[in-house]
Protein chains: 2
Amino acid sequence: MEAFNMVTRKEVADLAGVSEATVSRVFNGLGPMKPATKERVLQAAKQLDYHPNAIAQSFARRRSGNLGVVLPYMPKVHLFSTYYFSEILSGIGEQVREQGYDMLLTLLTPDESQDYSRLYRSQKVDACVILGSRDTPEQRSSLQQLQEQRLPFCLVNQHFEGMTLSEVDADHVQGSCMAVRHLQEAGCRKIAFLNGSPQYSNSRDRLVGYTDAMRDAGLDMPSQLLLEGNYSRKSGYEAAAKLWERRDEVEAVFAANDRMAIGLMQGLRERGWTAGRDFAVVGCDDSDAAKLSDPPLSSVSVPFYEMGKEAARRVLAQVLGESSGEPFHIKLPTRLVVRESSIRKEN
Amino acid sequence: MEAFNMVTRKEVADLAGVSEATVSRVFNGLGPMKPATKERVLQAAKQLDYHPNAIAQSFARRRSGNLGVVLPYMPKVHLFSTYYFSEILSGIGEQVREQGYDMLLTLLTPDESQDYSRLYRSQKVDACVILGSRDTPEQRSSLQQLQEQRLPFCLVNQHFEGMTLSEVDADHVQGSCMAVRHLQEAGCRKIAFLNGSPQYSNSRDRLVGYTDAMRDAGLDMPSQLLLEGNYSRKSGYEAAAKLWERRDEVEAVFAANDRMAIGLMQGLRERGWTAGRDFAVVGCDDSDAAKLSDPPLSSVSVPFYEMGKEAARRVLAQVLGESSGEPFHIKLPTRLVVRESSIRKEN
DNA sequence: TTGTACGCGTTATCAT
DNA sequence: ATGATAACGCGTACAA
């Protein structure tokens, strides 16, 4: 079973005619050493096909070399099945590899959602990046705990008002504002907003962006034009029914993500309204689906990949003592990608 | 920095008035023991908030408790941005949690793509699930090496002819056959096939399925109707141009994945041909995109989630000695999901 | 049923 | 510039 090499430092030391400590120093690049000695050790190691045992290293260093990635519990929905998580994960993956770290994935179950510190206690990770957390009292207190225990962690794409946690976020206010301005420039004045749950700071930010843009343009925001979905295609589809009832009051829709935007387009098309012709739509995320939809969906592009990468970089810097350890708060810019869904062709 | 508890077994033993070994036995549920003793130990542990150090456990057990998940190198494409990987990962995640294992993600770089054993040598994983591998000579030899070293691993969704490796695959032959039969039943006789690279066994299997169904129905398979893309939307879009040139010879298209199918539909629509009206299309994967596309795409549903879960289950059984250790070869069934793209409405 | 004692493969400190 | 050696926290064989 364990039919492996298991060459230890001792064997290398013996073959090279040095002490074990010297072998370690060679492999860790520490202290001054005679080039000849180093060479002998490397030769011996190569000959024996020696590779340091990562577990033993972690044990001795009291550091795992793993960055924990915490994913939220999501009932029914298969977890990674969204562009959002995929991109962030890729970014984290790229960064950890550059730093010689590994990624340990953790899928939270509903009950343990509140107990992050389990991960740290078991020493399997040195730090964590937490994705998809929501703003609830339980979450706040768990995160508060982590904070008090001085455990290094970083939130991605979620902001907690009134707490000073390390976060890497995107400028959703700006993005939404751009999106709505774009719709205005396309000649729309009656612009509805299909948002997601306010438990996500993203949603709240987008509402601010929408409101800013509408107010600045002196446009009305009647409450019937403010809808709330749950970021699923289905909820967008359902929103279409509501908007259809008030079709005289709607020229355009800004949706808080692409899936809802696409569901919305599907629902309205069934009623004979086509995006890019009868009304304009802009979504958020600029996911793959935006390119795949018909018509292609204009969308606010969010740099998820970069956000993941930056979060990993910063939090690992804390672990490795290369940073002050003060909570940081990064906000990356978004940009608007215009496609056909928001260009109203005259008919 | 390391402002943590760090309560050790010794402290618990002292408080409970027992030996360290007894504490271990309690926590590992080993050997016969007086209930009272057990109780005392648990009390003490609770009082001190003791938690075993996972790294030390791994070190002593000479087992990491991690299942490695190897993801292929994919230039440019952000890695997880496909339905395929996301679903498999979710399945693996579910299984490892049930077994108390953790998932260690590894993104291969181009150069190390051939050296899987690095992972095992460092002892950071006890077994691996390998995703997205291709059938190339280099891959074959790396996998052969792993095999010879008797390192437990399992491939998902890829079969290597002539080697007896552990694999969890889907029945792509059957799925493709069903898809093509469905098109035939819808009245189509001129059915094109847009496949992906034959480096993936999936592609080869699908070709077999297509061929079987066409032959059984006594239909022609002129080589002009056999196209090859690279599983991207763009390649499907490009294939549309080729098919358009021979539009008199085509009534339907079977595509080896959804993205190509959608690209194809986009390309043909630009030329005035709409799927579900002017021609029929079936894709593969039944990804989210299939529901999002217009018209919704008929597709061969592949149980990626279950495949990931099964692969993890089997490979961990090997590690834990609950299985013979013989290479296994699982093949899960696929099913056809019919949507509007393959229902030709008369116009 | 419980305790003793050793080993695991490093890192890191202190000598030399 | 290099060697000796004490941790590190736990599993486990063996003794009692």
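In this text the structure is predicted, and so the values were computed from the model without any measurement. All values below were derived from every heavy atom in this structure, side-chain atoms included, with hydrogens, water molecules and symmetry-related copies excluded.
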Touch class at under 4.0 angstrom, heavy-atom based, for B:R9 against every strand present: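 B:R9: base contact, heavy atoms under 4.0 Å.
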B:K38 atom NZ, over 12 foreign heavy atoms within 6.0 Å: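 No, NZ of B:K38 has 12 or fewer neighbouring heavy atoms, counting only those of other groups under 6.0 Å.
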Grab the [atom1]-[atom2] distance between [X] and [N] for me, whole Å please.
X	N	atom1	atom2	answer
A:L30	D:dG3	CG	P	15 Å
B:I55	D:dG11	CD1	P	13 Å
B:R63	C:dG7	CZ	P	22 Å
A:F59	C:dA12	CZ	P	13 Å
B:Q123	C:dT10	CD	P	9 Å
B:R40	C:dT1	CZ	P	14 Å
B:H51	D:dG9	NE2	C1'	15 Å
B:Q57	C:dG7	CD	P	21 Å

Would you please confirm or rule out a distance under 4.0 Å between OP1 or OP2 of [N] and any side-chain N or O of [X]?
X	N	result
B:S19	C:dT4	no
A:T37	D:dT2	yes
B:N28	D:dG11	yes
B:R62	C:dC8	no

Nearest-nucleotide 5' precedence on DNA chain C, A:S24 against B:T22: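 By nearest-heavy-atom nucleotide position, the 5'-most residue is B:T22.
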Nearest-nucleotide comparison on DNA chain C, the residue closer to the 5′ end among A:T8 and B:G17: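 The residue closer to the strand's 5' end, by nearest nucleotide, is B:G17.
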Closest-nucleotide 5' rank along DNA chain D - winner of A:A60 and A:P32: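 The 5'-side residue here is A:P32.
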Residue mapping more 5' on DNA chain D - nearest nucleotide basis, A:R25 or B:A21: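 Of the two residues, A:R25 wins.
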SB check A:K309 A:E306 (cutoff 4.0 Å):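 Here A:K309 does not pair with A:E306 in a salt bridge, since their nearest N and O are not under 4.0 Å apart.
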A:F27 and A:Y50 aromatic ring geometry - parallel, tilted or perpendicular at 30°/60° bounds: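 Ring orientation of A:Y50 relative to A:F27: perpendicular.
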Side chains of B:E322 and B:L316 in contact at under 4.5 Å (non-hydrogen atoms):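 Of all side-chain heavy-atom pairs linking B:L316 with B:E322, none is under 4.5 Å.
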Whether B:Q139 side chain and B:T136 backbone form a donor-acceptor pair below 3.5 Å: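 Not confirmed, B:Q139 side chain does not pair with B:T136 backbone.
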